[in-house]
Amino acid sequence: MLRHPQRRAAFRRLAADDPYFLELCEAYEAACAAVEFWAKSNDPAAPDRTCEYRVLAAEVEKDILRKAE
């Protein structure tokens with residue numbers, strides 16, 4: 001909602017009526033949390049994981065925006 005304030009009403013409506021939309025929102029939140037985790041990690045795999053989760057978050061965000069059209 002913060003990134004797309006113009007779509008807040010649609011997001012709220014979908015959240016109230018569409019369980020799949022809520023799953024997408026939860027997946028987006030989890031992907032964003034993973035980006036934060038891996039971005040702060042010293043693990044050698046961290047750069048790759050950060051990139052993977054950024055891509056995943058972007059794809060889920062696209063799905064969310066399509067549902068809110």
Side-chain angles (χ1 to χ4, degrees):
M1 284 190 181
L2 294 175
R3 288 178 41 84
H4 303 281
Q6 71 280 12
R7 294 188 176 174
R8 285 182 185 158
F11 291 161
R12 285 188 183 109
R13 180 180 39 76
L14 284 165
D17 298 333
D18 187 344
Y20 178 67
F21 183 78
L22 284 178
E23 289 178 21
L24 286 173
C25 292
E26 290 170 2
Y28 179 76
E29 185 176 353
C32 289
V35 168
E36 282 186 43
F37 171 84
W38 286 108
K40 295 175 185 174
S41 175
N42 292 324
D43 188 291
D48 290 337
R49 295 295 138 329
T50 302
C51 182
E52 289 170 5
Y53 280 105
R54 279 192 179 124
V55 169
L56 179 61
E59 292 299 318
V60 174
E61 183 178 20
K62 287 179 191 175
D63 289 342
I64 288 169
L65 294 174
R66 271 183 282 221
K67 292 282 282 177
E69 289 181 340

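Residues take their numbers from the sequence shown, with the count starting at 1. All values derive from a computational prediction rather than experimental measurement.
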>> Do the side chains of E69 and R66 get close enough for a salt bridge, i.e. N-O under 4.0 angstrom?
In response: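 Salt bridge: no.
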Nearest-0.5 Å distance that lies between atom [atom1] in [X] and atom [atom2] in [Y]:
{"X": "C32", "Y": "E61", "atom1": "SG", "atom2": "CD", "value": "7.5 Å"}
{"X": "L24", "Y": "K67", "atom1": "CG", "atom2": "NZ", "value": "7.0 Å"}
{"X": "D17", "Y": "R12", "atom1": "CG", "atom2": "CZ", "value": "14.0 Å"}
{"X": "D63", "Y": "F21", "atom1": "CG", "atom2": "CZ", "value": "10.5 Å"}
{"X": "D48", "Y": "E52", "atom1": "CG", "atom2": "CD", "value": "6.0 Å"}

Closest contact, heavy atoms only, [X] versus [Y]:
{"X": "A31", "Y": "Y53", "result": "O-CB, 3.9 Å"}
{"X": "L65", "Y": "R7", "result": "CD2-NH1, 2.9 Å"}
{"X": "P44", "Y": "P47", "result": "O-CD, 3.5 Å"}

>> With clusters defined by side-chain heavy atoms of hydrophobic residues (ILVMFWY) lying less than 4.5 Å apart, directly or transitively, does Y28 cluster with F37?
In response: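 Same hydrophobic cluster.
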>> Count I, L, V, M, F, W, Y as connected when their side-chain heavy atoms are under 4.5 Å apart, and connections chain through other members. Are L14 and L22 then in the same cluster?
In response: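 Not linked; separate clusters.
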> Between the main-chain N or O of A46 and the side-chain N or O of T50, is there a donor-acceptor pair closer than 3.5 Å?
Replying inline: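 Yes.
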